[in-house]
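For reference, the structure discussed in these notes is given below.
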Amino acid sequence: MSAPALPGLSGVTVRAAGHTDGLPGVPPRWVALPESVEEIAAVMRASAAHDLAVVPLGGGTKRRWGGPPSRCDVVIGTGRLDEIVEHTAGDLVVRAQAGVTTEALAAALAAEGQELALDVPVPGTTVGGLLATGIAGPRRFRYGTPRDLLIGVTVVLADGTIARSGGKVVKNVAGYDLGKLFTGSYGTLGVIADATFRLRPLPAARAWVTAGLGAPYPPDRLAALVTAVAAATQEPAAIELDWPGPDSGGTPSLAVLIEGAAADERARAVRDLIGDGALIADEPPAWWGRLPEPAGPAGGFLLEVRAAPARLPGAVLDLMAAAGRAGAGAAVRGSIAAGVLHVALYAASAGAGLERVAGLLNPLRSRIEVAHAGGLDGRVVVLTSPEAVPPAAAPDPWGRESTRRELLRRELTLRVKERFDPDHRMSPGRFAGGVR
Amino acid sequence: MPEVQRSEALGRVTARLGELFPPDALITDPVRLRTYECDGLTYHRATPGVVVLPESAEQVAAVVRLCDEHGVPFVARGSGTGLSGGALPRTDGVLIVTSRMRRVLEVDIPNRRVVAEPGVTNLAITEAVRDQGYYFAPDPSSQQICSIGGNVAENSGGAHCLKYGFTVNHVIAVELVTPDGEIVELSEQDPGFDLLGTFIGSEGTLGIATKITVRLSRAPEAVTTLLAAFDDIEGGGRAVSAIIAAGVVPAAIEMMDALAIEAAEAAVACHYPAGAGAVLVIELDGPAAEVARQFTTVERICRDAGAFELRVAASAQERTAIWKGRKSAFAAVGRISPAYIVQDGVVPRTALPGVLAGIDRLQEEFGIRVANVFHAGDGNLHPLVLFDDSVPGEGERAEAVSGRILDLCVEHGGSITGEHGAGVDKARFMPRMFSADDLDTMQLVRCAFDPKGLSNPGKIFPTPRLCGEVPGVRRGVHPLVESGLAEQF
Ligand SMILES: Cc1cc2nc3c(=O)[nH]c(=O)nc-3n(C[C@H](O)[C@H](O)[C@H](O)COP(=O)(O)OP(=O)(O)OC[C@H]3O[C@@H](n4cnc5c(N)ncnc54)[C@H](O)[C@@H]3O)c2cc1C
Ligand SMILES: Cc1cc2nc3c(=O)[nH]c(=O)nc-3n(C[C@H](O)[C@H](O)[C@H](O)COP(=O)(O)OP(=O)(O)OC[C@H]3O[C@@H](n4cnc5c(N)ncnc54)[C@H](O)[C@@H]3O)c2cc1C
């Protein structure tokens, strides 16, 4: 496309979309690169006037998460919204535009001895993308997820309305909290233009206590161990489980982060509590804070499994066993004490096709999502399906679709969506949380 | 006995309630209705049309469905300790009181959670798990009486929220009755929009919480409480800034000025150091080794900032003694003033000196005294504006000072409420902090949950947004089953 004029818009950088801008499902027509909240609003108004579908994009590291967009005319890239608007060290507060990357933010804050207590994930992750996907790393156990650290937000709605909520003070209950609403919205409610977070002082010291658990490890023992470490008065900041697939050895290990004053002394106490060859290190294990990756050429499914922490180990073990029987591999990793694990499910042997791997999902869901009779009352979300699986054959990403409780929740979500985006132009097809 | 005048619609609802509920669960007698005419903010009063005391979520849903059917407004009430008139009833509506929903349903220590009905008091949750070494972290000063449902509605905090955060950071799931009478559960496990976080702090305007799952915190290994006395507020302020700059996050840092100290002495004889122009109450908690190191830092900082006396609590008893003065401060000003307004503004911590100077100027300009008590660590001010209601005009001047303090907070980038909520009291101040577009956008959420505007109307927002036609809402049936879902997946 040569003349990329987006109808009714001037003054904002717009270019024709190329093949690298592609989203799964549909090729966009334009890429708009606004530099201010007003410019976002101008793009949104122009899109509204011409009934164009809009998909916001940050680092683009997760364009495959959520359902594939069914329609996309305009990608709003936040790459030029890369300014740290305000950082008042004395207030432990920072306001950053949506396109600021987490590594740039971390560097600026570290210069003042502060941090956003979210673990910096893959390079290129933006503030906006982080919030829109609502993902959090190991330290969620102690400090919560992005929504717990977010104190203010500016958003632009589908019709171009600019709205703020919260502010730049850590304590504030005036009005509804739109920041929370937009957390996990996958670009389906509007564009996050900037965000204000509460910060923490960088911890004086950090120590990791790691322990290989050896297989087979009885789930009851694992549950008891996790419960005991979580109950330690040493205030662990994170308690992570890593359980690689059978092709990578398959033995689980646990790693505990202790940070702050007297970290060494406290780490020793945790080491003694774990016993059995636990070690202290001042670096995290290599797998720390990374999502598990499907091994094998065909790729696989990435799941997020949530349930009450003490109930998770049993489910993990069952899953591993079922995967083994199906010739599939399962790599499990995550914040076991916070009740959140990520699971990569993949074909471990040539004989096991993706269909057989996919076949593991339903039994897993019924085990984890059922609220009664031995169920865990948890949740399995499919973050990504392998590219080889056509969208139509992919499992419902959001889980639990058939229960009445889930239907009511989805109806409420749907009603919110209808109010914010009545014409269904914001990332149609993503279905954040299961609604169009 | 005077008859209560009820609108036709309310009359019909009341008659139906009479069929659904036993007589002792329904209050229609005007004298008894008046027990519920206000919350902790006593100068807003209204007699509720009818009061109902349900015992289950199903009963709450039945009441709400009736209201929905007949277009009658309803208001939830927990313990009525709110300080913004959030539970102010409607004369033309139903007040739904949760005082009979007081069961702790489940204590699950391995998973660190408690499931409770909304009427359970904040403190009762902690009491249910204290023996096992756990507690519920949000600790509003009203914790002995206020309900967990009220905490969820107000997103309440407490002295220790500097380190531990607010109610929203400690709630795992809420079951609620939506304004059209459906029982729904919102959980932190849910993917998609964070509706749980959006509901918490919505002041009863998005539905009624009927079951709450909270996360427990581990009781800290060590707690050190310190009282530092300064000649003036500036000295205390310097110490607070230096503590934060040193990278220490205390569980609490509370400040009181001379007038607030005077009141507390008169009320509870807390024996704070004589001659103090300001005191700081600083609490450090956590692993013993960490607390010991932080204490050394904090002690040095206080001395450097000019503290002339430092007291460290050596026992639980001494800790209680230090907190006594601070915790009694609100009620205590009753000893030095016939009437007072409790304000609740927030400023960025670095703006504290400027805002306090501004409050001083207001005192002079209006001839009104202000006692300052605040959560200094997070900049949440509770100025107590003192006045004598028997002096003509003084009440109005106190009101004016109170409003100007909020202006000061907003000018300095702060908020008009840090923990008490907007309720009916501060709805009119919302436009000082938010644009019309901000407020309209927030009300899109209201329209999604409560298109008819029946759930606690008149609170938070100065002008209700008209919701227009109601997309996606189809009573009774669940279209997702037939059409939506089938189409989508
Ligand atoms: C601790 C941790 C560890 C992680 N580990 C890994 C890992 O090992 N491997 C891995 O692949 N990922 C990992 N991630 C995830 C990755 O970093 C996130 O998915 C990230 O949040 C995506 O950011 P992005 O800017 O690339 O978003 P994008 O991919 O650009 O967008 C993601 C979604 O958000 C929407 N969106 C983006 N910006 C906005 C905006 N401004 N307003 C509204 N909606 C918007 C998009 O429409 C899209 O739906 C990790 C994350 C964390 C927190
Ligand atoms: C002396 C004193 C000290 C206080 N200290 C603090 C403090 O330190 N920190 C703090 O944050 N607050 C404090 N407060 C304010 C008050 O205690 C809190 O706001 C508390 O959470 C209110 O709880 P309640 O049960 O009394 O609610 P109510 O006053 O009955 O109601 C408050 C609001 O919640 C709504 N509501 C009640 N129950 C439900 C429900 N089940 N579902 C939906 N909505 C509901 C009501 O409609 C109303 O809008 C204090 C109050 C007093 C009187």
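Here is how names work: the chains are called A, B, and so on, in the same order as the sequence lines, proteins then strands, and each is numbered from 1. Here the structure is a predicted model, which means the values were calculated and not measured.
- In this structure, CZ on Arg404(A) lies 5.5 Å from CD on Glu182(B), to the nearest 0.5 angstrom.
- Counting heavy atoms from C-beta on, the side chains of Met433(B) and Asn172(A) come closer than 4.5 Å.
- To the nearest 0.5 Å, atom OG of residue Ser187(B) and atom CG of residue Asp377(A) are 8.0 Å apart.
- Looking at His375(B), only its side chain comes within 4.5 Å of chain A, counting heavy atoms on both sides.
- For Ser84(B), no part lies under 4.5 angstrom from a heavy atom of chain A.
- Listed here is the closest heavy atom pair of Arg419(A) and Pro451(B): NH2-CB, 4.0 Å.
- The CZ atom of Phe449(B) sits 8.5 Å away from atom CZ of Arg415(A), with the distance rounded to the nearest 0.5 Å.
- Contact annotation for Met430(B): only side-chain heavy atoms (C-beta onward) come within less than 4.5 Å of a heavy atom of chain A.
- With hydrogens and angles ignored, the 3.5 Å screen pairs a side-chain donor or acceptor of Asp91(A) with a backbone N or O of Arg349(B).
- Judged by distance alone, the side chain of Arg306(A) and the main-chain N or O of Glu188(B) form a donor-acceptor pair under 3.5 Å.
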Practice problem: For Tyr176(A) and Phe461(B), run ring pair (Phe, Tyr, Trp, His ring centres under 6.0 Å): C-alpha distance rounded to whole Å, both residues' side-chain angles, the deciding distance at 0.1 Å, then the answer. | Solution: CA-CA 10 Å; Tyr176(A) 294 161; Phe461(B) 300 105; 5.1 Å; yes
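- Heavy-atom distances place no part of Leu202(A) under 4.5 Å from chain B, backbone and side chain included.
- Counting heavy-atom pairs closer than 4.5 Å to chain A, the top residue among Pro348(B), Ala422(B), Pro110(B) is Pro348(B).
- Taking a cutoff of 4.0 Å between a charged side-chain nitrogen and a carboxylate oxygen, Arg198(A) and Asp378(B) do not qualify as a salt bridge.
- From Leu444(B), atom CG reaches atom CG of Leu178(A) across 8.5 Å, with rounding to the nearest 0.5 Å.
- Proximity to chain B involves both the backbone and the side chain of Leu181(A), based on heavy atoms less than 4.5 angstrom apart.
- With hydrogens and angles ignored, the 3.5 Å screen pairs a side-chain donor or acceptor of Arg218(B) with a backbone N or O of Ala231(A).
- Rounding to the nearest 0.5 Å gives a distance of 9.0 Å between CG of Asn169(B) and OG1 of Thr145(A).
- Screening Thr417(B), Asn380(B), Asn155(B) for a side chain to side chain donor-acceptor pair (under 3.5 Å) involving Lys171(A) leaves a single residue, Asn380(B).
- With a 4.5 angstrom heavy-atom cutoff, Ala245(B) does not touch chain A via any of its atoms.
- Between chain B and the residues Gly339(A), Gly179(A), Pro201(A), the largest count of heavy-atom pairs under 4.5 Å involves Pro201(A).
- Using a 4.0 Å cut-off between charged nitrogen and carboxylate oxygen, Lys163(B) and Glu235(A) count as a salt-bridge pair.
- With a 4.5 angstrom heavy-atom cutoff, Val416(A) touches chain B via backbone and side-chain atoms both.
- Taken to the nearest 0.5 Å, the CD atom of Glu369(A) stands 9.0 Å off from the CD atom of Gln189(B).
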